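Structure first, commentary second.
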Amino acid sequence: MKRKILPKFFLLYMCIIGISILLVLSFANQSFKGVLIKEKQSAMQKEAKLIARQYARDYFSGDMSTRRLSQYFSELDSLLNSEVWLCDQEGVIVITSSEEEEQILNKNIKDIRKDVDLERTFRTAGTFSHSFDEDMISTGRPISLSGELVGYIILHSPISTLSSTQAGITKATYVALGILLIVIFILMYYFSHKILVPIGEINHAARQYAKGNFDTLIPIERTDEIGELASSLNFMASELSKTEQYRKDFISNISHDFRSPLTSIKGYLEAMLDGTIPPELYERYLGVLLDETKRLTKLTEGLVALKTLNGNAPMLKLSNFDMIKTIHSTINTFEGQCNTKQIRIHLFSPLQSCMVRADKIKMEQVVYNLIDNAIKFSKPGGEIRISVTELNHNKVSISIKDNGIGIPRSEQSHIWERFYKVDNSRGKDKKSHGIGLAITKEIIHAHNEQINLISTVNVGSEFVFTLTKAKS
Ligand code: ADP
């Protein structure tokens, strides 16, 4: 699988971080420069003040010679890298610290910088009206002697001297940002990895599910959203797996249950056609064929009933009716089967009648299914006992108990599943389809009632369900 998100993530983050770093650097550079110029200007002002106080006054009062001051200015120039100009009262430049700048001597500062108020302390940045080839930081102040203005002192220092300081700061900033970039890169890689690897695993599992391989589990044990997604998908896979298994079982059961009656119908019809069964026996075998078609009809009806009930509460037509009467009439429909198998059915109830509120036709079906099973799984000569008892809270309990083959404990929870047949009963009764109890349970639950089973192998089974009494 080609990983595409990771490089995209990286590229995007790196672009964002790169642009942010460039912006930070350019802003930082600008503000560093501003701060450095300001600092330099205030340092130069202090120097100017010092020069004015210490030497210029001596000069103007005649205590210091021009040569001596000029020499002193030259020393200052080389020491502080600052060009010094001294102007007289009129603004004429009388001394400069550097010999290269001597052509400026005797020029009037007021002509050079008309815009600057020399009577006050000033600071500028630039070529000082083309007096220099490069940008300079300049500052100046008036010099007074006994309260009288005697001249001006002006200092110039090249901005380029700040560059090395600025370069040092920029370098430190670059190093810090570089380390930050590496840390961000490592963290980003770690977190992207932590997100993208599980996504890859989930994707792989999803592909397996699409192929019908639901055994693939996503091995993610995390409590965050990705962990939740993984456990939801694992749960979905197990549910799909059950559905898939159910679908396979359903098809194999259905095909088995349809195939066996169709095979016997085909066999009997072929035997009739080729004369193996003589015409005088037709009546008997037509009876058998009719039984088989009834079996198929019952199976089809069961499937239709299941489809209608399937998960949704069936539309119940509730009415008040006598449950004892309903049980009696259902018992009567089994008279033929009971006679054949020598089975006796007894109805016990302390009540003459028991009015319940339920869907009458569906309850007939429930009682029919339970008695039908009780007869099917009873040995010849067996006994079926049906009892109707009043419970507390306006409920009645109906029990259908046989002394037949019973159901093993391990199978008891499964008999309510569709198409589930207990293995040993399969051979004993070919009429079993395994849908009667599934329908029965759905009907009882649709009424918000309960149905339970008590059974012991070779002792018998008892199915008990509840119903709500009709309000009198
Ligand atoms: P069917 O539609 O074939 O009657 P059911 O869903 O009613 O199937 O029953 C499912 C399985 O439960 C049967 O195959 C049988 O193994 C078992 N069973 C149901 N009732 C009884 C009973 N009274 N005694 C023993 N086994 C029973």
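The chain is numbered in sequence order, starting from 1. As the structure is a prediction and not an experimental result, all values here were calculated from the model. Counting starts at 1 for both ligands and their atoms, in listed order.
- Using a 4.0 Å heavy-atom cutoff, G406 is listed among the residues neighbouring ligand 1.
- T161 and N81 share no donor-acceptor pair across their side chains, judged by distance under 3.5 Å alone.
- Remark: distances from the non-hydrogen atoms of N369 to ligand 1 are all 4.0 Å or more.
- With hydrogens and angles disregarded, no donor-acceptor distance shorter than 3.5 Å links the side chain of K360 to the backbone of F321.
- Contacts of L437 with ligand 1, taken as heavy-atom pairs under 4.0 Å, involve both backbone and side chain.
- Of the polar atoms of G436, at least one N or O is found under 3.5 Å from an N or O of ligand 1, judged by distance alone.
- R141 and Q45 share no donor-acceptor pair across their side chains, judged by distance under 3.5 Å alone.
- Comparing N373, I405, V457 against atom 7 (O) of ligand 1, the shortest heavy-atom distance belongs to N373.
- Checked by atom type, the side-chain pair S461/K401 shows no donor-acceptor distance below 3.5 Å.
- For the residue pair T330 / E364, no side-chain donor-acceptor distance below 3.5 Å is found, with atom types taken as modelled.
- In this structure, Y368 has its ring center under 6.0 Å from that of F334.
- The atoms of ligand 1 that sit less than 4.0 Å from any heavy atom of I415 are 12 (O).
- Residue nearest to atom 26 (N) of ligand 1, selected from I435, I407, T440, N403: I407 (by heavy-atom distance).
- At least one heavy atom of K376 sits closer than 4.0 Å to an atom of ligand 1.
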